Amino acid sequence: MILVDSHCHLDYPELQKDFPGVLARARSAGVETMLAIGTRLSTFENVRKIAEATPNIYCTVGVHPHEAANESAAVEALLAHAAHPKVVGIGETGLDYYYEKSPRAPQRENFRAHMRAAHASGLPLVIHTRDADSDTAEMLDWAAKELPGLTGVLHCFTSSLELAKHALGLGYFISISGIVTFKNAEDLRRTVREIPLEKLLVETDSPYLAPVPMRGKPCEPSYVVHTARCVAGLKNVPVEALAQATTANFHRLFARVPKPAAQAA
């Protein structure tokens with residue numbers, strides 16, 4: 001069984017404390033590939049170095065919406081970093097109106113810059129959206145009109161089924177984190193049942209959101225297997241089939257990442 005952790009923060013201290021152990025446990029769990037996510041341009045070098053040092057780790061470059069008040073995402077800067085062969089996506093970017101750590105206007109400006117960079121580079125967009133369904137849908141519609149062919153993934157999805165369907169209709173993928181295993185996540189589980197298997201990814205968002213039965217521990221990529229088992233149950237397919245589908249979906253979206261030998265064959 002081959003899995004991909006399509007969204008993790010490997011540069012964060014919680015994982016760096018025992019990074020060799022994190023990698024070993026991921027391999028033991030069947031996690032073939034990990035996507036290390038950039039959240040600030042000022043710290044991107046740390047993310048890139050992790051990807052450069054490990055064959056099965058790739059990365060993205062971007063400015064998280066929480067950081068939009070402190071860092072503007074210039075298209076030129078994003079494109080310069082995107083030229084690196086280990087950079088396979090743009091983001092994470094998007095809108096977060098739940099915490100309001102940055103004003104909404106710079107969040108939207110950064111989101112649009114990331115969209116332009118993703119379109120110019122041909123790389124997929126990694127989108128964070130929370131309590132911003134209407135504005136996110138509006139931004140996706142703008143991109144569909146102004147930047148044809150742009151695609152990406154709505155990561156750690158917890159928004160409405162309506163937004164999921166809207167994004168799917170525009171060609172985006174939906175990624176599910178360990179939240180789907182939480183006791184109070186029945187709305188999300190209903191949404192997952194409605195998302196076509198060929199549009200699903202799985203992730204950990206490590207070091208956050210450890211799934212049941214690992215709650216209370218720092219999350220790490222090996223835990224994606226628990227999310228995969230839960231999603232497989234919701235989709236009424238064997239976990240091996242879920243792993244095969246989500247891994248294939250990941251490589252279809254993040255086409256710069258080489259496929260594992262078993263899949264390539």
Side-chain angles (χ1 to χ4, degrees), residues 1-39 43-44 46-62 64 86-89 91-92 124 126 128 153-158 173-182 192 200-232 239-240 242-251 253-254 256-263:
M1 187 169 67
I2 297 174
L3 284 161
V4 173
D5 185 354
S6 67
H7 194 110
C8 48
H9 299 282
L10 299 179
D11 58 320
Y12 283 26
E14 296 92 330
L15 299 183
Q16 283 296 308
K17 284 188 294 187
D18 178 27
F19 196 59
V22 167
L23 296 182
R25 290 187 290 274
R27 285 193 296 270
S28 294
V31 180
E32 183 77 19
T33 302
M34 290 162 270
L35 186 57
I37 303 298
T39 59
T43 59
F44 172 68
N46 298 332
V47 180
R48 191 197 70 232
K49 285 180 176 178
I50 290 170
E52 288 174 334
T54 312
N56 63 331
I57 295 177
Y58 295 82
C59 67
T60 68
V61 58
H64 193 287
K86 276 281 188 157
V87 177
V88 300
E92 66 187 284
V126 178
H128 171 114
V153 57
L154 277 64
H155 104 92
C156 193
F157 193 82
T158 57
F173 289 72
I174 305 292
S175 183
I176 305 301
S177 74
I179 291 175
V180 74
T181 70
F182 294 3
V192 170
L200 277 171
L201 303 179
V202 288
E203 64 172 89
T204 59
D205 207 7
S206 303
Y208 307 113
L209 307 174
V212 175
M214 313 307 289
R215 299 293 292 138
K217 299 180 180 181
C219 193
E220 59 181 70
S222 63
Y223 294 177
V224 76
V225 68
H226 301 292
T227 299
R229 286 176 181 143
C230 178
V231 173
V239 67
E240 294 81 4
L242 188 283
Q244 183 177 22
T246 54
T247 298
N249 295 344
F250 175 87
H251 287 284
L253 179 61
F254 294 96
R256 190 179 278 186
V257 179
K259 293 181 180 179
Q263 275 212 329

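The structure displayed is predicted, hence computed values, not measured ones. Excluded from the calculations below are hydrogen atoms, water molecules and symmetry mates; all remaining heavy atoms, backbone and side chain alike, are included.
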Do the side chain of [X] and the main chain of [Y] share a donor and acceptor less than 3.5 angstrom apart?
{"X": "N249", "Y": "L200", "answer": "yes"}
{"X": "D11", "Y": "V47", "answer": "no"}
{"X": "R256", "Y": "V87", "answer": "yes"}

Hey, what do you get for [atom1] ([X]) to [atom2] ([Y]), rounding to the nearest 0.5 Å?
{"X": "E92", "Y": "T60", "atom1": "CD", "atom2": "OG1", "result": "7.5 Å"}
{"X": "L23", "Y": "I57", "atom1": "CG", "atom2": "CD1", "result": "5.0 Å"}
{"X": "E220", "Y": "D18", "atom1": "CD", "atom2": "CG", "result": "8.0 Å"}
{"X": "Y223", "Y": "T181", "atom1": "OH", "atom2": "OG1", "result": "12.5 Å"}
{"X": "C219", "Y": "D205", "atom1": "SG", "atom2": "CG", "result": "8.0 Å"}
{"X": "R27", "Y": "M34", "atom1": "CZ", "atom2": "CE", "result": "7.5 Å"}

Are side-chain heavy atoms of [X] and [Y] found at a separation under 4.5 Å?
{"X": "H226", "Y": "V212", "value": "no"}
{"X": "V4", "Y": "L201", "value": "no"}
{"X": "F250", "Y": "L35", "value": "yes"}
{"X": "F44", "Y": "C59", "value": "yes"}
{"X": "P221", "Y": "L10", "value": "yes"}

If I compare all heavy atoms of [X] with all of [Y], which pair ends up nearest, and what's the gap?
{"X": "L15", "Y": "V22", "value": "O-CG2, 3.8 Å"}
{"X": "T247", "Y": "I2", "value": "OG1-O, 2.8 Å"}
{"X": "T227", "Y": "P211", "value": "OG1-CB, 3.9 Å"}

Among E203, H7, H155, whose side-chain hydrogen bond (donor to acceptor under 3.5 Å, both in side chains) with S175 holds?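 Testing S175 for a side-chain hydrogen bond (donor to acceptor under 3.5 Å, both in side chains) against E203, H7, H155 leaves exactly one candidate, E203.
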